Amino acid sequence: MTSHQAPSDRFADLPPLLPQVPFRAYEPGRSPEEAARDFFGVMDRRRSVRMFSDRPVSRETVEWICRAGGTAPSGAHKQPWRFVCVNDPALKREIRLAAEAEEREFYERRASRRWLEDLAPLGTDPDKPFLETAPWLIIVFALAKTDDGGMVYYREESVGIACGMLISAIHHAGLVTLTHTPSPMKFLAQVLRRPEHERPFLLLPVGYPAPDATVPDLERKPLEEIMVVNRPDPGG
Ligand code: IYR
């Protein structure tokens, strides 16, 4: 079978292969070891920050960040994401009030004791002033269908990867964010008047950290705990 034939003759009328273009490899200009170590150095400085400055961030910055998020791989290249960027103070206030109402429900009723135990060291609570202080909120929506009603594949994986890339782009621009998941998040679709096929996925406030911002003194798992090479010996 040659590469331009469909993998199966079950459907004789499948669309043709896309035109192919040469791949232009990214050259970091140093060895992979150096480039990978440097990138770790940059990523290791990222922290989830809850205390924001109201210092403005240009729309152009947010546009580049969204373009970077939009480079994510996705199932069958369906790109099942929408990045709704909010900088209107009245709209941010509406989102804050609705999110805080959900969060109060969560902290006062819905959350299990175990969950509250796990959150207590992080000091989170139902007050979300950052939803108004941060100059921008990026609300990521996952598309249940493409805009023209087509199928989407691996939606959660695709949008999750795009969020990781958005977060990296925000950090790379010298800005901060945190992954905020008010739950349930349905209110975001209503407040932002999104169409039925868009499902709220994640809320990322974007801005500069407050000058006196603090973060919890957390440790990250060492490499030995997160990386496995090959497999354990049998019976070992
Ligand atoms: N959504 C709530 C609770 C919360 C849950 C987890 I898991 C966190 O890592 C942090 C917070 C809130 O935003 O406060």
Side-chain angles (χ1 to χ4, degrees), residues 43-54 57 62 65 69 81-142 155-171 175-192 194 198-210 212-222 225-226:
M43 295 300 278
D44 195 36
R45 296 283 304 270
R46 189 203 59 79
R47 293 297 310 266
S48 289
V49 171
R50 292 186 163 74
M51 300 164 186
F52 282 75
S53 153
D54 61 3
V57 167
V62 177
I65 287 167
W81 42 68
R82 184 99 60 222
F83 310 129
V84 178
C85 302
V86 173
N87 71 341
D88 172 37
L91 192 46
K92 286 195 294 175
R93 177 153 190 82
E94 236 183 277
I95 291 170
R96 174 184 180 180
L97 293 178
E100 287 182 339
E102 294 289 7
E103 296 295 5
R104 268 194 299 279
E105 263 301 298
F106 172 81
Y107 284 94
E108 287 166 19
R109 270 177 280 281
R110 278 202 308 269
S112 63
R113 160 146 194 116
R114 174 86 66 87
W115 199 339
L116 292 178
E117 264 169 28
D118 282 335
L119 288 179
L122 301 173
T124 61
D125 62 34
D127 297 328
K128 306 297 175 191
F130 55 78
L131 294 175
E132 280 192 271
T133 323
W136 289 92
L137 308 177
I138 303 181
I139 299 94
V140 179
F141 285 82
R155 180 176 87 203
E156 308 283 305
E157 292 85 346
S158 303
V159 181
I161 294 166
C163 287
M165 296 177 69
L166 271 182
I167 292 165
S168 303
I170 292 165
H171 175 62
L175 303 171
V176 295
T177 186
L178 77 125
T179 49
H180 181 45
T181 50
S183 123
M185 283 202 278
K186 249 183 121 73
F187 73 90
L188 288 166
Q190 285 148 13
V191 170
L192 296 168
R194 300 315 306 166
E198 293 186 16
R199 308 287 153 78
F201 189 82
L202 189 65
L203 192 162
L204 297 169
V206 180
Y208 290 92
D212 56 353
T214 59
V215 291
D217 188 10
L218 296 178
E219 300 235 327
R220 291 189 168 119
K221 288 181 180 178
E225 280 182 43
I226 62 172

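Note that the structure is a prediction, hence the values are computed from the model and not measured. Residue numbers run from 1 in the order of the sequence given. Numbering of ligands and ligand atoms starts at 1, following listing order.
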Original post:
Quick one: which ligand 1 atoms are inside 4.0 Å of a heavy atom on Thr181?
Top reply: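 Those qualifying, in numeric order: 1 (N).
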Original post:
If we only count N/O pairs under 3.5 Å, is Thr124 in contact with ligand 1?
Top reply: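 Thr124 vs ligand 1: no N/O contact under 3.5 Å.
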Original post:
Judging by distance only, is a nitrogen or oxygen of His180 under 3.5 angstrom from one on ligand 1?
Top reply: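 Among all N and O atoms of His180, at least one is under 3.5 Å from an N or O of ligand 1.
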**OP:** Any chance you could measure Phe106, atom CZ, to Leu119, atom CG, to the nearest 0.5 Å?
**Re:**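 It comes to 5.5 Å.
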Original post:
How many angstroms lie between CD1 in Ile138 and CG in Leu166, if you round to the nearest 0.5 Å?
Top reply: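 Those atoms lie 5.5 Å apart.
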**OP:** Write out the residue and atom name of the closest protein heavy atom to atom 7 (I) of ligand 1, then the distance separating them to 0.1 Å.
**Re:**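 Residue, atom and distance for the closest contact: Trp115 NE1, 3.6 Å.
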Original post:
Nearest protein heavy-atom contact for atom 1 (N) of ligand 1: which residue, which atom, what distance?
Top reply: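 For atom 1 (N) of ligand 1, the nearest protein heavy atom is Glu103 OE2, 3.1 Å.
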**OP:** Measure the acute angle between the ring planes of Phe130 and Phe52, then classify it against the limits of 30° and 60° as parallel, tilted or perpendicular.
**Re:**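 The arrangement is tilted - the two ring planes meet at 30° to 60°.
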Original post:
Any side-chain heavy-atom pair from Asn87 and Pro135 closer than 4.5 angstrom?
Top reply: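 A side-chain contact under 4.5 Å is absent here.
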Original post:
Would you say the side chain of Pro184 lies within less than 4.5 Å of the side chain of Arg110, judging by non-hydrogen atoms?
Top reply: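 Yes, at least one pair of side-chain atoms sits under 4.5 Å.
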**OP:** May I ask which of Met185, Arg50, Lys128, Glu102 has a heavy atom nearer to atom 13 (O) of ligand 1 than the others do?
**Re:**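 Shortest heavy-atom distance from atom 13 (O) of ligand 1: Lys128.
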**OP:** Apply the test salt bridge (charged side-chain N to carboxylate O under 4.0 Å, His left out) to residues Arg194 and Glu198: give CA-CA distance (whole Å), side-chain angles for both, the deciding distance (0.1 Å), then the verdict.
**Re:** CA-CA 6 Å; Arg194 300 315 306 166; Glu198 293 186 16; 2.7 Å; yes
Subject >> Proximity of Leu119 to ligand 1 by residue part, where a heavy atom lies under 4.0 Å >> reply: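 The part of Leu119 near ligand 1 is the side chain, not the backbone.
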